[in-house]
J.: 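Here you go, one structure.
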Amino acid sequence: MKYLTDDRIAIEIGDLTKLDVTAVVNAANSGLLGGGGVDGAIHRAGGTEILAECIKIRETIYPNGMPAGNAVVTTAGKMKAEYVIHTVGPVWHGGNSNEPEILRNAYINSLKAAAEKKMESVAFPAISTGVYRFPKNKAARIAFSAAREFAAKSEYPKKIIFVFFSESDRETFIRAIKQD
Ligand code: ADP
């Protein structure tokens, strides 16, 4: 694995559901009961244990659904990872509806959840850049700065990994963060 700037943040190509990390982050929707994209892939790979915990979370903490920007932890079921950190990114409506702030919260609150459990490694998908249509380069800058700032002040998670399905998405991310 190649690490950027320091040995805490990595940018990889691959399938999030197959990684040997402490937690994978799910780009979930507020309902928390599964969906398309990476959400569907995580529930398929992890099995019904994840859904069972999500149902309990809906019944207890978030009866009306989890608001965008929040994060919650469940088991990862049959995946190699131990946990899934479910977060909800913003749907892109043009950029004037607090989308950048909500996306940043999604990353920061996921990292806080990881730090609370002293997780070693956490792998993120490109939250909101699929069906939620957040522009990929803007999302990259928000994701990377959130990770860098969090890593600077928190010992955990020790490794933060951004995982992309395609080489072109990975390149877009790297190009975007180098523009800073
Ligand atoms: P959102 O609803 O937050 O936009 P999506 O699941 O539609 O989330 O997409 C988020 C990103 O995750 C997309 O760039 C998509 O290509 C990517 N993705 C989907 N499945 C996987 C996977 N198994 N591993 C890594 N990335 C994935």
Side-chain angles (χ1 to χ4, degrees), residues 1-28 37-39 41-42 45-46 68-76 79-90 92 95 98-130 132-180:
M1 209 175 273
K2 276 193 204 134
Y3 286 89
L4 284 177
T5 53
D6 54 33
D7 64 351
R8 302 268 311 264
I9 301 175
I11 301 177
E12 290 293 311
I13 300 169
D15 181 346
L16 197 70
T17 65
K18 304 231 158 74
L19 298 182
D20 190 2
V21 289
T22 315
V24 297
V25 175
N26 183 14
V38 75
D39 193 5
I42 284 173
N70 287 30
V72 74
V73 180
T74 69
T75 174
M79 282 187 285
K80 268 192 203 149
E82 248 178 276
Y83 302 103
V84 175
I85 302 171
H86 303 263
T87 190
V88 179
W92 180 259
N98 285 333
E99 296 96 327
E101 205 178 321
I102 298 167
L103 185 62
R104 180 180 158 82
N105 289 344
Y107 279 98
I108 295 288
N109 287 323
S110 297
L111 289 165
K112 276 187 185 161
E116 272 164 25
K117 289 196 183 299
K118 293 195 172 5
M119 293 185 195
E120 280 290 316
S121 54
V122 176
F124 282 92
I127 299 167
S128 284
T129 64
Y132 282 6
R133 303 182 317 272
F134 203 110
K136 289 180 182 181
N137 51 354
K138 282 191 174 53
R141 278 183 230 121
I142 292 166
F144 189 64
S145 65
R148 213 167 30 178
E149 284 167 32
F150 197 88
K153 60 175 203 225
S154 176
E155 191 186 344
Y156 292 95
K158 296 231 164 108
K159 310 281 184 200
I160 301 169
I161 304 148
F162 292 106
V163 182
F164 298 94
F165 244 168
S166 67
E167 175 61 43
S168 73
D169 281 353
R170 182 178 178 274
E171 274 170 16
T172 302
F173 185 95
I174 291 172
R175 218 176 303 125
I177 64 172
K178 281 186 177 157
Q179 279 163 17
D180 274 351

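Model, not experiment: these values are computed from the prediction. Numbers here are sequence positions counted from 1.
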J.: For Lys18, enumerate each residue passing the salt bridge (Lys or Arg N to Asp or Glu O under 4.0 Å) test, keeping only those at least two apart in sequence or located in another chain.
T.: Asp15
J.: Using the salt bridge (Lys or Arg N to Asp or Glu O under 4.0 Å) criterion, which residues pair with Glu171? Sequence neighbours excluded.
T.: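 Checked Glu171 against salt bridge (Lys or Arg N to Asp or Glu O under 4.0 Å); zero matches.
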J.: Could you grab the distance from atom CD of Glu82 to atom CG of Asp20, nearest 0.5 Å is fine?
T.: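 Between Glu82 CD and Asp20 CG, I get 10.0 Å after rounding to 0.5 Å.
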J.: For the CZ atom of Phe165 and the OG1 atom of Thr129, what is their distance to the nearest 0.5 Å?
T.: 11.5 Å
J.: Is Phe134 close to Ile142 at the side-chain level, that is, under 4.5 Å between some pair of heavy atoms?
T.: yes
J.: Please tell me if the side chains of Phe173 and Phe144 come closer than 4.5 Å, counting only heavy atoms from C-beta onward.
T.: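 Contact flag for Phe173/Phe144 side chains = yes.
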J.: Donor-acceptor check, side chain of Arg8 to backbone of Pro157, threshold 3.5 angstrom: yes or no?
T.: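 Present.
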J.: Which residues pass the side chain to side chain donor-acceptor pair (under 3.5 Å) test with Ser168, not counting sequence neighbours?
T.: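 So Ser168 forms a side chain to side chain donor-acceptor pair (under 3.5 Å) with Ser166.
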J.: Determine whether a donor-acceptor pair (N or O, by modelled atom type, separation under 3.5 Å) exists between the side chain of Thr87 and the backbone of Asn70.
T.: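 Yes, because the side chain of Thr87 sits within donor-acceptor range (under 3.5 Å) of the backbone of Asn70.
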J.: If you define the side chain from C-beta out and look only at heavy atoms, does anything of Ile9 sit under 4.5 Å from Phe162?
T.: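 In contact.
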J.: Any donor-acceptor pair under 3.5 Å linking the side chain of Ser145 with the backbone of Arg141?
T.: yes
J.: When you look at Met79 and Ile42, which way does the side chain to side chain contact (heavy atoms under 4.5 Å, CB included) test go after all the steps?
T.: CA-CA 8 Å; Met79 282 187 285; Ile42 284 173; 3.7 Å; yes
J.: May I ask you to test the Leu103-Ile127 pair for a side-chain heavy-atom distance under 4.5 Å?
T.: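 Answer yes - side chains close enough.
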J.: Under the criterion side chain to side chain contact (heavy atoms under 4.5 Å, CB included), I'd like the reasoning laid out for Ile11 against Ile177: C-alpha separation, chi angles, the key distance, then a yes or no.
T.: CA-CA 11 Å; Ile11 301 177; Ile177 64 172; 4.1 Å; yes
J.: Hey, can you pull the donor-acceptor pairs under 3.5 Å for the side chains in residues 110-126, sequence neighbours left out?
T.:
| residue | atom | partner | partner atom | Å |
| --- | --- | --- | --- | --- |
| Ser110 | OG | Ala106 | O | 2.7 |
| Ser121 | OG | Thr22 | N | 3.0 |
| Ser121 | OG | Thr22 | OG1 | 3.4 |

J.: So, Arg133 side chain and Trp92 main chain: donor-acceptor pair closer than 3.5 Å or not?
T.: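 Side chain of Arg133 to backbone of Trp92: a pair is present.
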J.: Knowing that exactly one of Leu16, Ile85, Val84 qualifies, which makes a side chain to side chain contact (heavy atoms under 4.5 Å, CB included) with Asn26?
T.: Val84
J.: With sequence neighbours excluded, tell me which residues meet side chain to side chain donor-acceptor pair (under 3.5 Å) with Asn109.
T.: none
J.: Which atom names give the shortest non-hydrogen contact between Ala68 and Ile102, and what distance separates them?
T.: CB-CG2, 3.6 Å
J.: Can you name the residues that form a salt bridge (Lys or Arg N to Asp or Glu O under 4.0 Å) with Lys136, not counting sequence neighbours?
T.: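 Lys136: salt bridge (Lys or Arg N to Asp or Glu O under 4.0 Å) contacts with Asp169.
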J.: About how many Å separate CD1 of Ile174 and CD of Glu167, when rounded to the nearest 0.5 Å?
T.: 7.5 Å
